[in-house]
Amino acid sequence: MIIAGPAAPPGVEGCDGCGTVQGTVAVEQAAVRTEGPKHDLDVVVFLNRVDGEEPLSTSARAEMDQRGLVFIPHVLAIQQGTTVTFLNNDNDEHNVYFLDDRTGETLDIGTWGQGVAVDHTFDQAGTIITLCKLHLEMAAYIVVVNGPWFVQITLDPSSRRGEFAIENAPPGEYELTVWHKKLKQKGGPARITVRQGATVKVETVITKTKYAKASG
């Protein structure tokens, strides 16, 4: 089931001659949590161009709320350059600080009370773990991708599979990456070619890190 994330990401609507990337994501040799606000069913699928073409810039906006001592949504996929508004709809004060999953760098953007909102613009691609210093059980993930070709899906809790479709991709060479907060894409990013007006179909698997290096 396709959920959050624009049906046509900013800047690529009505792309004449563009292609579509469709496929499936399946969990193998791993258990996933299927219930609760911090379930393991969120997956982000995105394309990165590898043929020298720079992605379009964006001035998009998104929101992440704090309610019931939970960041909502638990996973938020955005394009690099997007401004996220962090809300506090709890009775408690909340803090927001970021941990860059790649570099380990941290950034504290402040502590504020109910009804206050603070904006932050994400200028670098990567996975940002979002935390609250006042409530250590709170955590969320912001997946910042450098291009507009992405989608966020929720895996079916019974089959542990999901379908995705990324539309309006200009012809060219891409790497298709599947992100999950605990599991890794088997075989790593998949190299694909998008041709004018065509649909590319890709089947992908996510699994434990120890199984992910094998492509077969």
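Not measured: the values here are computed from a predicted model.
Applying the ring pair (Phe, Tyr, Trp, His ring centres under 6.0 Å) test to His120 and every residue at least two apart in sequence or in another chain returns Phe98, Phe122. Evaluation of the side-chain contact (heavy atoms from CB on, under 4.5 Å) rule for Asn48 yields Phe46, Asn146 as partners, not counting sequence neighbours. With sequence neighbours excluded, no residue forms a ring pair (Phe, Tyr, Trp, His ring centres under 6.0 Å) with Phe71. Every residue two or more places apart in sequence or in another chain was checked for a ring pair (Phe, Tyr, Trp, His ring centres under 6.0 Å) with Trp112, and none qualifies.
Under the 4.5 Å side-chain criterion, counting only non-hydrogen atoms from C-beta, Ile128 is in contact with Asp100. Side-chain contact between Asp42 and Thr154 is present, with heavy atoms from C-beta onward closer than 4.5 Å. The shortest side-chain heavy-atom distance between Phe164 and Leu176 falls under the 4.5 Å cut-off. Proximity of Arg61 to Thr83: side-chain heavy atoms (C-beta onward) are separated by under 4.5 Å at one or more points. Within the 4.5 Å cutoff, the side chain of His39 has no heavy atoms near those of the Thr34 side chain.
For residues 66-92, the salt bridge (Lys or Arg N to Asp or Glu O under 4.0 Å) pairs, not counting sequence neighbours, are Asp65-Arg67.
Remark: side-chain polar atoms of Thr207 are paired, donor with acceptor, to backbone N or O of Glu28 under 3.5 angstrom. Although no hydrogens or angles enter the test, the distance criterion places no donor-acceptor pair under 3.5 Å between the side chain of Glu175 and the main chain of Arg191. Under the 3.5 Å distance criterion, the side-chain polar atoms of His180 are matched with a main-chain donor or acceptor of Asp40. Under a 3.5 Å cut-off, the side chain of Glu173 and the backbone N or O of Asp51 do not form any donor-acceptor pair.
Hydrophobic clustering, with ILVMFWY side chains joined whenever heavy atoms are under 4.5 angstrom apart, keeps Val44 apart from Ile72. In the hydrophobic cluster analysis, where Ile, Leu, Val, Met, Phe, Trp and Tyr join through side-chain heavy atoms closer than 4.5 angstrom, Leu87 is grouped apart from Leu69. Under the 4.5 Å side-chain heavy-atom criterion for grouping Ile, Leu, Val, Met, Phe, Trp and Tyr, Val70 is not connected to Met64 through any hydrophobic cluster. The hydrophobic cluster containing Ile78 also contains Leu107, counting ILVMFWY residues as joined when their side-chain heavy atoms lie under 4.5 angstrom apart, directly or transitively. Both Met138 and Ile142 are part of a single hydrophobic cluster, where members link through side-chain heavy atoms under 4.5 Å apart.
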Worked check of side-chain contact (heavy atoms from CB on, under 4.5 Å) between Arg161 and Asp156: CA-CA 5 Å; Arg161 296 175 60 89; Asp156 179 84; 5.6 Å; no
side-chain contact (heavy atoms from CB on, under 4.5 Å) between Val84 and Leu76, worked out: CA-CA 10 Å; Val84 178; Leu76 175 64; 4.1 Å; yes
Trace of the side-chain contact (heavy atoms from CB on, under 4.5 Å) decision for Val96 with Gln66: CA-CA 10 Å; Val96 174; Gln66 292 164 296; 3.7 Å; yes
side-chain contact (heavy atoms from CB on, under 4.5 Å) between Thr82 and Thr58, intermediate numbers included: CA-CA 6 Å; Thr82 298; Thr58 184; 3.9 Å; yes
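Taken to the nearest 0.5 Å, the CG atom of Leu134 stands 8.0 Å off from the NE2 atom of His94. Distance check: Lys208 NZ to Gln29 CD gives 8.5 Å after rounding to the nearest 0.5 Å.
Minimum heavy-atom separation, Pro157 to Leu41: CB-CD1, 4.0 Å. Contact record, Ala30 with Leu183: CB-CD2, 3.8 Å, taken as the closest heavy-atom pair. In terms of heavy atoms, Arg49 sits closest to Pro171 at NH2-O, 2.9 Å. When all heavy atoms are compared, the tightest approach of Gly162 to Leu155 is N-CD2, 3.6 Å. Contact between Ala140 and Pro73 at its shortest, heavy atoms only, is CB-O, 4.0 Å. Across every non-hydrogen atom of His74 and Ala139, the tightest pair is ND1-O, 3.2 Å.
In summary, the side chains of Thr24 and Glu163 do not present any donor paired with an acceptor at a separation below 3.5 Å, with no hydrogens or angles considered.
For the side-chain contact (heavy atoms from CB on, under 4.5 Å) with Trp179, the lone residue among Val145, Val75, Ile206, Val43 that qualifies is Val75. Just one of Thr111, Asp108, Asn95 meets the side-chain hydrogen bond (donor to acceptor under 3.5 Å, both in side chains) condition when paired with Lys133; it is Asp108.
Within a 6.0 Å radius of CD in Gln124, other residues, nucleotides and ligands contribute 12 heavy atoms or fewer. Within a 6.0 Å sphere centred on CZ of Arg195, heavy atoms belonging to other residues, nucleotides or ligands number 12 at most. Summarising the local packing, CD of Glu137 is surrounded by more than 12 heavy atoms from other residues, nucleotides or ligands at distances under 6.0 Å.
Leu136 belongs to no hydrophobic cluster, as no Ile, Leu, Val, Met, Phe, Trp or Tyr side chain comes under 4.5 Å of its own.
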